[in-house]
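Accompanying notes for the structure given below.
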Amino acid sequence: MEKKNGLWSIFTRGIVKENPVLRLILGICPALAVTTSAMNGLGMGVATTLVLMGSTIAISLMRNAIPDRVRIPVFIVTIAGFTTVVQFLIQAFAPALNAALGIFLPLIAVNCVLFARAEMFAVKNKVFPTILDALGMGIGFTAALTMLGSIREFLGAGSLFDIPLTAHLIDPMLIMILPPGGFFIFGLLVALSNKLDKRPQSERSSGCAGCPSRVTCKNFETAKETAAEEVKA
Amino acid sequence: MENLKQQWKSILGTTAFLLAVCAVVTLAVAGTYVGTADRIAEQERIMLAASMGRLIEADQYDVVLYDAMGAPKVYRATMDDGTVRGHLILTGGRGYGGTVYVMTGITDGVVVGVEIINAAGETPGLGLNIQDASFRAQFAGVDGSPELIRSGVAGHNQIQSLAGATVSVYAVVLAVRDALVVYAELS
């Protein structure tokens with residue numbers, strides 16, 4: 001039962017508690033660049049989730065063979081290769097999807113959510129937990145991007161998923177679709193997610209304990225001991 | 001001595017592993033490319049044919065002019081009975097993220113419509129709005145070098161810009177200007 005709970009928490013962690021965009025502040029470049037509409041946010045999220053799962057599974061399978069010193073180049077090559085293969089396949093078999101995702105696909109290769117999950121999770125864990133972690137993180141990423149895109153599209157274009165809502169009633173605030181609006185809404189969402197964090201302020205702001213990634217971090221336990229010793233002294 | 005040997009072993013092993021990973025990934029990418037290249041080219045051809053059909057309906061499209069690189073640039077649209085319905089000219093303008101390729105349909109010196117053939121580098125939601133039918137419709141009826149305006153009501157041979165997408169819009173305007181020049185040289 002306990003094991004089941006562990007796996008479940010690996011899966012759900014990425015959705016809320018360690019949401020890659022709003023809590024870990026990872027993958028911000030695509031999160032700001034492509035969320036000009038709700039549909040774009042959803043498309044980028046789904047495409048990223050697929051590549052994230054594929055590349056972390058590959059890295060997890062190789063985890064015992066990868067020499068520590070060259071692990072980063074190995075991640076880069078694996079992720080970039082995976083992205084390119086997926087791009088070719090989509091171009092060949094789903095031209096409509098390709099027209100909609102166009103620029104998002106090459107962007108995935110440089111998305112740091114993928115590197116973070118490879119480095120923090122996939123390279124140290126078996127394949128099954130890795131799939132759960134990638135799926136959870138992917139869903140969290142997709143949810144955050146869709147939310148960001150929905151708000152920006154609603155305020156900036158007066159529509160939602162390309163369905164006009166207020167576009168004819170009031171002039172939409174165009175700046176919300178432009179880069180400044182992206183930063184503005186992103187900042188508000190991060191502030192909101194911090195506000196919803198139930199942990200006391202002291203626990204959040206001090207060092208390692210405040211890090212949203214502490215669960216997977218190997219330095220966390222030692223840091224906690226050091227901190228406890230410092231308090232004693 | 002022993003230490004040095006071990007170090008060499010670890011360096012060589014690491015290099016070999018990295019090389020192996022790179023080789024496997026390269027093979028995978030190359031394999032997918034070889035396997036899909038024909039299909040991708042075929043898809044692009046179908047899309048291009050569909051664009052040409054939407055601009056000027058005709059029975060046959062013949063290439064009458066190639067660009068410096070040997071790619072088709074001007075197509076002549078003819079019916080089976082030999083009547084020429086117009087010309088389709090493929091030109092490009094520098095957009096926000098690379099060249100925006102535009103196909104302009106021209107009949108008797110007047111633009112009948114434009115189709116965006118490739119705008120992969122433009123931002124979705126902003127620059128990519130040049131694909132919207134309402135924007136492209138502005139080019140129908142243009143018979144002289146089109147002018148870009150940012151405010152006011154667009155008159156004859158004037159194109160109203162899209163807010164937040166000036167660079168992409170300008171790329172289309174440049175491409176259409178170019179197409180009109182090519183057309184003038186042709187006739």
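Within every chain, numbering begins at 1; the chains are lettered A, B, ... in the order of the sequence lines, protein sequences first and strands thereafter.
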Worksheet item: Looking only at heavy atoms, what is the nearest atom pair of B:I40 and A:Q91, with distance?
Response: CD1-OE1, 3.4 Å
Item to complete: Side chain from CB out, backbone as N, CA, C, O: work out which of these in A:I175 comes under 4.5 Å of a heavy atom of chain B, or both, or neither.
Response: neither
Item to complete: With a 4.5 angstrom heavy-atom cut-off, could you sort out which part of B:T26 is near chain A: side chain, backbone, both or neither?
Response: neither
Worksheet item: Which members of residues 140-149 of chain B, sorted by number, sit under 4.5 angstrom from chain A on a heavy-atom basis?
Response: none
Discussion item. How about CD on B:E42, more than 12 heavy atoms from neighbouring residues, nucleotides or ligands closer than 6.0 Å, or not?
Written reply: yes
Worksheet, complete the sentence: Note: vs chain B, highest number of non-hydrogen pairs under 4.5 angstrom among A:A58, A:A65, A:G156 is A:A65
Worksheet entry | Nearest heavy-atom neighbours spanning A:G81 and B:V25 | CA-CG1, 3.6 Å
Worksheet, complete the sentence: Here the gap from A:I76 atom CD1 to B:C22 atom SG, rounded to the nearest 0.5 Å, amounts to 10.0 Å
Discussion item. So, taking the atom named CZ in A:R69 and the one named OG1 in B:T15, what distance separates them when rounded to the nearest 0.5 Å?
Written reply: 8.5 Å
Fill in: Residue A:V34 versus chain B: region with a heavy atom under 4.5 Å
neither
Practice prompt. Taking atom CZ of A:F186 as the centre, report whether more than 12 heavy atoms of other residues, nucleotides or ligands fall under 6.0 Å from it.
Written response: yes
Worksheet item: Can you pull the ring-ring contact (aromatic ring centres under 6.0 Å, His included) pairs that have at least one residue in residues 46-94 of chain A, sequence neighbours excluded?
Response: A:F88-B:Y33
Discussion item. Is A:T84 close to chain B through its backbone or its side chain, or both, or neither, when contacts mean heavy atoms under 4.5 Å?
Written reply: side chain
Worksheet item: Around B:F17, counting heavy atoms of other residues, nucleotides and ligands shown, do more than 12 lie under 6.0 Å from its CZ?
Response: yes
Discussion item. Just to be sure I understand the criterion: a residue of residues 89-109 of chain B counts if one of its heavy atoms is under 4.5 Å from a heavy atom of chain A. Which ones qualify?
Written reply: none
Item to complete: Have a look at B:V21 and tell me which of A:V70, A:I66, A:V77 forms a side-chain contact (heavy atoms from CB on, under 4.5 Å) with it.
Response: A:V77
Fill in: Segment of A:I177 engaging chain B (4.5 angstrom heavy-atom cut-off)
both
Response to the item:
For residues 155-172 of chain B against chain A, heavy atoms under 4.5 Å, the residues are B:A163, B:G164
